[in-house]
Amino acid sequence: MNENRDNHVMIVTGANSGLGLATTIELAKTGASVVMLCRDQTRGERALQQVRSTVENDQIYLMLADLADLDSVAAFSRQFHDRFERLDVLVNNAGVFMQNRGETKQGLEMQFGVNHVGHFLLTLLLSDLLAKTDDSRVVVVSSGAHKAGRIYYEDLQLKNKYNMVRGYAQSKLANILFALKLAEYFEDKNTAVNCCHPGPVATNLGIDRITGFGKLIVGLLKPFFITPEKGAKTQVALALTDLGSKNEAAYYYKMKKTEPGKMAKSREDAEKLWQISITLTKDYLPEAILSQQAL
Ligand SMILES: NC(=O)c1ccc[n+]([C@@H]2O[C@H](COP(=O)([O-])OP(=O)(O)OC[C@H]3O[C@@H](n4cnc5c(N)ncnc54)[C@H](OP(=O)(O)O)[C@@H]3O)[C@@H](O)[C@H]2O)c1
């Protein structure tokens with residue numbers, strides 16, 4: 001897996017913590033340029049130093065973007081286009097699991113907004129680079145929790161009856177439905193799209209970064225969870241090896257293609273969610289993409 005790819009360019013979202021950090025270290029070992037998309041400068045710089053002190057690669061970069069703010073996602077895409085001409089791997093890894101209902105800058109429920117919509121916009125804005133790079137890949141980090149979810153079309157932003165499991169499961173189901181449609185969007189363009197479930201992993205997921213709420217419970221569960229290095233194996237393999245499927249988005253767990261839940265296979269829902277997501281991000285999408293969509 002450590003074959004030299006020093007002309008390749010890769011992005012990992014949520015690269016400063018847990019699975020994202022473990023994934024960044026593995027991708028960096030290939031010699032590729034790896035962009036760590038992080039939302040916080042201090043946490044990002046700390047992680048950047050950790051990667052640099054672990055791997056010999058002078059092409060690891062920190063670029064800031066807040067996936068809870070579509071203006072910030074669009075700014076990231078502009079800066080990335082200014083610096084790079086290709087994109088070999090995009091690992092859509094960042095995620096939140098929120099005890100209390102929150103909203104993104106544009107007023108979306110936080111888990112739906114960050115885990116799905118922010119990544120939806122990011123991926124579409126980078127799709128020109130992915131499409132023109134041979135054998136490029138998008139890896140969507142979902143979760144087995146998608147099986148507990150449905151898309152609440154009647155209350156997508158969960159303004160009524162919010163609870164963290166509903167919100168998280170909806171967003172993780174949205175990840176797989178997005179991948180299903182994205183693979184079609186890229187058909188014949190040499191970009192593979194696949195999703196995975198990392199398993200129960202000891203990370204900072206569910207811990208409030210400001211109050212520290214959730215630290216105790218996550219700490220208590222740690223002995224029963226696997227390490228980020230082990231949990232990241234499938235997403236790393238989908239990014240770097242031939243594990244993933246080519247023109248259909250498949251779902252992987254423990255390095256094996258696995259059946260996702262029934263709702264995650266619905267092409268009708270994938271189409272419906274795609275159209276909703278286009279509508280939510282249309283102010284940020286270029287005409288070239290909007291003109292292909294039946295709005
Ligand atoms: N851990 C598990 O057991 C498990 C199981 C199934 C699936 N997953 C999935 O694995 C992925 C990675 O999670 P993890 O477990 O590694 O959790 P983590 O340690 O909490 O890492 C999450 C990462 O996402 C970043 N992030 C959160 N909100 C963001 C935003 N608005 N903009 C940009 N980045 C943002 C975080 O940045 P900050 O550190 O700055 O907040 C952090 O780098 C998630 O998609 C999660 O759903 C995890």
Side-chain angles (χ1 to χ4, degrees), residues 11-25 35-48 50-51 62-73 75-76 91-98 102-106 108-119 121-122 139-149 164-165 167-176 178-179 195-215 217-218 221-222 224-236 251-254 260:
I11 299 176
V12 181
T13 70
N16 61 288
S17 174
L19 290 155
L21 179 56
T23 301
T24 303
I25 289 172
V35 172
M36 302 173 69
L37 183 158
C38 301
R39 65 170 156 173
D40 181 87
Q41 176 106 34
T42 307
R43 291 195 287 271
E45 273 170 6
R46 199 182 304 134
L48 177 66
Q50 194 176 332
V51 179
L62 170 65
M63 286 179 69
L64 298 180
D66 183 355
L67 291 155
D69 175 1
L70 300 180
D71 289 305
S72 170
V73 174
F76 173 91
V91 185
N92 283 343
N93 163 87
V96 280
F97 184 36
M98 308 255 311
E103 288 192 350
T104 67
K105 189 175 169 213
Q106 284 76 26
L108 307 174
E109 185 277 317
M110 191 63 86
Q111 293 169 116
F112 184 71
V114 170
N115 302 358
H116 170 58
V117 181
H119 281 108
L121 178 64
L122 177 74
V139 180
V140 176
V141 181
S142 177
S143 164
H146 80 271
K147 293 182 181 163
M164 67 195 292
V165 175
Y168 184 69
Q170 167 172 262
S171 74
K172 292 288 130 182
L173 174 60
N175 287 160
I176 305 181
F178 169 48
C195 346
C196 65
H197 167 44
V201 189
T203 65
N204 294 311
L205 192 69
I207 299 177
D208 188 303
R209 301 304 198 254
I210 296 160
T211 63
F213 183 86
K215 218 172 185 165
I217 177 91
V218 169
L221 288 170
K222 213 169 178 173
F224 306 101
F225 282 12
I226 57 175
T227 63
E229 292 69 30
K230 200 167 176 196
K233 275 193 180 338
T234 305
Q235 61 204 63
V236 169
Y251 176 73
Y252 290 80
Y253 175 45
K254 290 188 177 169

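This is a predicted model, so every value here is computed, not measured. Counting convention: from 1, in listed order, for ligands and their atoms alike.
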Assign the ring pair H116 / F178 to parallel, tilted or perpendicular, where the plane angle (0 to 90°) is split at 30° and 60°.
perpendicular

Can you establish whether the number of heavy atoms outside K230 located under 6.0 Å from its atom NZ is more than 12? no

Run the side chain to side chain contact (heavy atoms under 4.5 Å, CB included) test on T13 and L67 for me, step by step, so that the C-alpha distance in whole Å, both residues' side-chain angles and the decisive distance to 0.1 Å come before the verdict. CA-CA 9 Å; T13 70; L67 291 155; 4.3 Å; yes

Those residues at least two apart in sequence (or on a different chain) that pass ring pair (Phe, Tyr, Trp, His ring centres under 6.0 Å) with H119 are none

Rounded to the nearest 0.5 Å, the NE2 atom of H197 sits from the NZ atom of K172 at a distance of 10.5 Å

Determine yes or no for a side-chain-to-main-chain donor-acceptor pair under 3.5 angstrom, with N175 supplying the side chain and N115 the backbone.
yes

Heavy-atom contacts under 4.0 Å to ligand 1, chain-then-number order, include exactly G14, N16, S17, G18, L19, R39, R43, A65, D66, L67, A68, N93, A94, G95, V96, V114, V141, S142, S143, Y168, K172, H197, P198, G199, P200, V201, T203, N204, L205, R209

